K.L.:
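Quick one: the structure is below, questions incoming.
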There are 2 protein chains.
Amino acid sequence: MTEGAVQPRRTRQRSAIASLISATDSFQSAQEIHHLLRSTGEVIGLSTVYRTLQSLAEAGEIDVVINADGESVYRGCGQGRGLHYHLVCRICGHAVEVAADTIDRWVRSIAREHRFSDAVASLTVFGICRACASAT
Amino acid sequence: MTEGAVQPRRTRQRSAIASLISATDSFQSAQEIHHLLRSTGEVIGLSTVYRTLQSLAEAGEIDVVINADGESVYRGCGQGRGLHYHLVCRICGHAVEVAADTIDRWVRSIAREHRFSDAVASLTVFGICRACASAT
DNA sequence: AGACTAATGGGAATGGTTATCATTAGCGTG
DNA sequence: CACGCTAATGATAACCATTCCCATTAGTCT
Ligand SMILES: [Mn+2]
Ligand SMILES: [Mn+2]
Ligand SMILES: [Zn+2]
Ligand SMILES: [Zn+2]
């Protein structure tokens, strides 16, 4: 059996991205993250940001959501808390994680009912958070 | 009070799109629809297809879903059946509509719990339909 | 028929994301 | 500590769905 997945090399760039992402609870786009890193003096290419975010996402270490504009936005995942969905502020990107079980039961039941297999829900709830709502 | 929304002019192109869309129950992209129309002899521009689909979607006459590749795909909506979500085959685009009430209750409750206002769920269930599953 | 203007459509522009590929730099080995 | 292998980087070009632009066409109303 081929023992999978050699862990990625630890590079300055990858660390910078990981640390920035663990320091915020908002969903941010690759370009936003690139700008933020640049503005703090990090030297890093845009390609690297895209690649690394994807790699982290595939590894399950961060979450991806596609916002209303069709952009992918990324956020550090509440570690090892299993499957969950997100409630995201459409103004500032602030997000909270919500348990998946209610939804997953519902998904399984309607998939069975219509004889679909392999059903996976793509679900994100967008709203306006307390802070943004009070900021008129 | 300004009485809104003059209805759109009835053009050959708009009719062609509406009729094609009412003849299938699969979600299709603007480009696919454009090709299909072209292949049946219709003379129609890609811009027009995009514009018309958006206009029909805003009018609530068709539904839009953003698929896994981030493309918008369109489908004739089961008329006047109110808010609903979709269970879509990720192979062929075949879709069925599913009632929204269970989900909407859940959305309202978690939004209240986290003090988010204006919460709207973006939800689509992707799976594999009976036909595609049996086609090995 | 004539006027008004919404609708059309070819082509250029946009913009997020991916592909290329020469260069750099982890990291295991002797 | 060199050395070698190759993953990772990043500047740049390509990609590609969608939108913009604007001159031309054609519904619709009088
Ligand atoms: Mn998460
Ligand atoms: Mn529908
Ligand atoms: Zn907010
Ligand atoms: Zn199918």
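Keep in mind it's a predicted model, so treat the numbers as computed, not measured.
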K.L.:
Between B/Y74 and B/P8, which is nearer to the 5' end of DNA chain D once each is assigned its nearest nucleotide?
P.N.:
B/Y74
K.L.:
Knowing that exactly one of B/T102, B/D63, B/T124, B/D104 qualifies, which makes a side-chain hydrogen bond (donor to acceptor under 3.5 Å, both in side chains) with B/Y85?
P.N.:
B/D104
K.L.:
Can you tell me if A/E32 uses its side chain to pair, donor with acceptor, with the backbone of A/S29 under 3.5 Å?
P.N.:
yes
K.L.:
What is the nucleic acid contact for A/V49, judged by heavy atoms within less than 4.0 Å: base, sugar-phosphate only, or nothing?
P.N.:
nothing
K.L.:
Between A/Q31 and C/dG16, does any side-chain N or O lie under 4.0 Å from OP1 or OP2?
P.N.:
yes
K.L.:
Which nucleotide wins on minimum distance to the side chain of A/R38, given the candidates D/dT19, D/dA11, D/dA8?
P.N.:
D/dA11
K.L.:
Give the rounded distance in Å between these two atoms: CZ of A/R12 and P of C/dA25.
P.N.:
8 Å
K.L.:
Checking only heavy atoms, does the side chain of A/R9 share a donor-acceptor pair with the base of D/dA8 at less than 3.5 Å?
P.N.:
no
K.L.:
Under 4.0 Å between a side-chain N/O of A/Q13 and OP1 or OP2 of D/dA8, yes or no?
P.N.:
no
K.L.:
Could you tell me if A/R90 sits above the aromatic ring of A/F126, with its cationic atom closer than 6.0 Å to the ring centre and no more than 45 degrees from the axis?
P.N.:
no
K.L.:
From the set C/dG16, C/dA7, C/dT8, return the single nucleotide nearest to any side-chain atom of B/R51.
P.N.:
C/dT8
K.L.:
By the 4.0 Å heavy-atom rule, please label B/V73 as base, sugar-phosphate, or nothing.
P.N.:
nothing
K.L.:
Regarding B/S47, tell me which of base, sugar-phosphate or nothing describes its non-hydrogen contacts under 4.0 Å with the strands shown.
P.N.:
base
K.L.:
Go through A/F27 and A/H86 one step at a time and tell me if the ring pair (Phe, Tyr, Trp, His ring centres under 6.0 Å) criterion holds.
P.N.:
CA-CA 10 Å; A/F27 277 93; A/H86 298 97; 5.0 Å; yes
K.L.:
Does C/dT18 have OP1 or OP2 sitting under 4.0 Å from an N or O in the side chain of A/Q54?
P.N.:
yes
K.L.:
It should be established whether A/T11 places a side-chain nitrogen or oxygen under 4.0 Å from OP1 or OP2 of nucleotide C/dA25.
P.N.:
no
K.L.:
To the nearest angstrom, how far is B/I44 atom CD1 from D/dT25 atom C1'?
P.N.:
14 Å
K.L.:
May I ask you to verify if any side-chain N or O of A/T48 is less than 4.0 angstrom from the OP1 or OP2 atom of D/dG10?
P.N.:
yes
K.L.:
Considering just the side-chain nitrogens and oxygens of B/S72, establish if one lies under 4.0 Å of OP1 or OP2 belonging to D/dT18.
P.N.:
yes
K.L.:
In whole angstrom, give the distance that lies between atom CG of B/L53 and atom P of D/dT18.
P.N.:
10 Å
